[in-house]
Amino acid sequence: MTNISPDLPLLDLHRHLDGSVRLQTILELGRKHNLPLPAFDLEGLRPHVQVSTPQPGLLEFLEKFKWMTGVLVDYKACRRIAKENLLDAAKEGIDYIELRFSPWFMAEPHGLDPAGVTEAVVQGVADGVRLTGVQANLIGILSRTYGAEICMKELDALLTQRDHITALDLAGDEGNYPGALFVEHFKRGRDAGWNITVHAGEAAGAESIWQAINDLGATRIGHGVRVDEDPALMETLAKRGIGVEVSLTSNLQTSTVPSYSAHPLKKMLDAGVKATINTDDPGISAIDLKYEYDVAAPRAGLTKQDIRQAQLNALEIAFLDEEAKSDLVIAKVMG
Ligand code: HPA
Ligand code: ZN
């Protein structure tokens, strides 16, 4: 039995494609290009790449990315991992996925051109969509940890594929690089016609969520865990229909929450916030979307009805027009 409602489309709105590289692919690319991997068999490599217990904080969790971006030796590798993300989403029964990526982060280990990486990701996603029939949109990330100046270059790289990208996001070290540094970047993103979602309220407090909404123009929030600190913020999210992309296991593994049961997702849903269930970095967290629905969500105190509501919320807040949303529902009903 599963908590996924079979009559509704299944959506993942928050998944990093550069945090979702197959262990097998890391091995293959590592072997082929003689990269200094910590192990050259699956079980030896697993503990270096995947997290099974909570890390001290977000930054330690993000360290794991190095084994994923570290194998991106060329544009072909970037295209491959983007395509494999779609194949994996299809296997999970996902009907529509929003995949996000940071071109600077992916380009850095092997000195690639971030615009070339962006193009390769667009091509790989298109390959995967064609092969699987899963629908997808791309979200471009500014990795705040690089600071405002490099993020402006990262934005330029993303803008070379403006029409193939749906939204702009801000990820990375929220504690040390507040959203205030990126106001100009997000103005340019909005002027390009992109939607805005921002990682906020994960490693910083409610004020970071307010800032994302008021100053960056976010219409969705990634994580938003610390909305719990501020009843006025909870009310604002509910009233304005600002969606929250929750990733329960990620929040546990980054020590943003001490346990599933301490997570405020249930409170968000009870307050009428359009909160959703997503994976974040399944390759690092060693989970899939089904695990989040069937194991993590009940542990966070959600009833079956709550989980159905979260699945419905994803359709409501997806970066899709009304016709595309209704087509997803029709396709599901027709099997
Ligand atoms: N927070 C910030 N940046 C990230 C995350 C996250 O949870 N996952 C991947 N990049
Ligand atoms: Zn994320």
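Ligands are counted one by one from 1 in listed order, and the atoms in each one are counted from 1 as well. Computed from a prediction, not measured in an experiment: that's the story for all the values here. When a residue number appears, it is its place in the shown sequence, counting from 1.
Excluding waters, the protein N/O/S atoms found under 2.8 Å from the Zn ion (ligand 2) are His14 NE2, His16 NE2, His199 NE2, Asp280 OD1.
Closest approach of Val21 to Leu17, counting heavy atoms only: CG2-O, 4.0 Å. Taking every heavy atom of both residues into account, Pro38 and His48 meet most closely at CG-CG, 3.5 Å. Minimum heavy-atom separation, Glu92 to Leu10: O-CD2, 3.9 Å.
For Ala238, the side chain to side chain contact (heavy atoms under 4.5 Å, CB included) partners are Val273, not counting sequence neighbours. Not counting sequence neighbours, the partners of Glu322 by the side chain to side chain contact (heavy atoms under 4.5 Å, CB included) test are Lys325.
Between the side chain of Gln253 and the backbone N or O of Ser250 there is no donor-acceptor pair closer than 3.5 Å.
Both Val49 and Val51 are assigned to one and the same hydrophobic cluster, defined by single-linkage of ILVMFWY side chains at heavy-atom distances under 4.5 Å.
Geometrically, Arg80 does not engage Tyr75 in a cation-pi contact defined by less than 6.0 Å to the ring centre and at most 45° from the axis.
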TODO: Please lay out, stage by stage, how Ile221 and Glu245 fare under the test side chain to side chain contact (heavy atoms under 4.5 Å, CB included).
DONE: CA-CA 6 Å; Ile221 295 293; Glu245 308 148 4; over 6 Å; no
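Within 4.0 Å of ligand 1, counting heavy atoms only, the contacting residues are His16, Leu58, Leu62, Phe65, Ala171, Gly172, His199, Glu202, His223, Asp280, Asp281.
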